[in-house]
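Shown next, in structure tokens, is the structure this report addresses.
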Amino acid sequence: MMNGVMIRRITAKDIPQVIEIQESIIKNKVSKAWVQSIEAHLKKQDVVGFVYLRESQVIGHIIGEMKGPGFGLDQSGWIVVVGVDPSCMGEGIGQALAKNLFEYFKKKGVQDIYTAVRWDAVDMLSFFKSIGFNRSEFINLGKHLE
Ligand SMILES: CC(C)(COP(=O)(O)OP(=O)(O)OC[C@H]1O[C@@H](n2cnc3c(N)ncnc32)[C@H](O)[C@@H]1OP(=O)(O)O)[C@@H](O)C(=O)NCCC(=O)NCCS
């Protein structure tokens, strides 16, 4: 730990703080489905996440997942969720968390990393660009069922 700051692997015990961060980002309650999805992800073997702590308080999180063959790739890494407490944004926390996740993927032999961002989420796009993401060779397709 340096200056009361630490990055460590996420555990299920961090979920309440992750929810708190997400709710302060969206200024709303998260849905039950969102919480269940995070809980389910953390139970999976190929999922890894990190939390950023300052004075023992979780102020940022990132969760990634490794996927086996699919989309024409043998192995890929996906960023499932990333969030930083709004009062601590812009301090390099997101970048530090991403660096840890990339190092983990690299150790596991994963070279291709993907994520999906809403087209109008300019802050997220700018963040992902800053950590080396670019447009991928895929396009997302969507359809809404009534
Ligand atoms: C996006 C996010 C994860 C980035 O983490 P962070 O710790 O704030 O970002 P960092 O300090 O590591 O920033 C790294 C780079 O990302 C870019 N960036 C980060 N936040 C940005 C913003 N709000 N607008 C534009 N660029 C941004 C910048 O290029 C920045 O580099 P710089 O500081 O040298 O300019 C964090 O701000 C966040 O959780 N935002 C909320 C996202 C959201 O609204 N999600 C919707 C619900 S899923």
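Quantities reported herein were computed from a predicted structural model and do not represent experimental measurements. Whatever order the structure lists ligands and atoms in, that order sets their numbers, starting from 1.
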* side-chain contact (heavy atoms from CB on, under 4.5 Å) involving Glu23 - partner list, sequence neighbours excluded -> Ile19, Lys29, Val30
* Quick one: pull up SG in Cys88 and CD in Glu91 and give me the separation to the nearest 0.5 Å. => 5.0 Å
* What does the list of residues with a heavy atom under 4.0 Å from ligand 1 look like, ordered by chain and number? -> Gln22, Ile25, Ile26, Val82, Gly83, Val84, Met89, Gly90, Glu91, Gly92, Ile93, Gly94, Gln95, Asp123, Met124, Ser126, Phe127, Ser130
* Backbone N or O of Ser87 within a donor-acceptor pair of the Asp85 side chain at under 3.5 Å? -> yes
* Aromatic ring proximity, centroids under 6.0 angstrom, Phe71 and Tyr114 -> no
* Please find out if less than 6.0 Å separates the ring center of Trp78 from that of Phe105. => no
* **Pairwise distance CG(Asn100) to OH(Tyr52) - rounded to 0.5 angstrom** => 10.5 Å
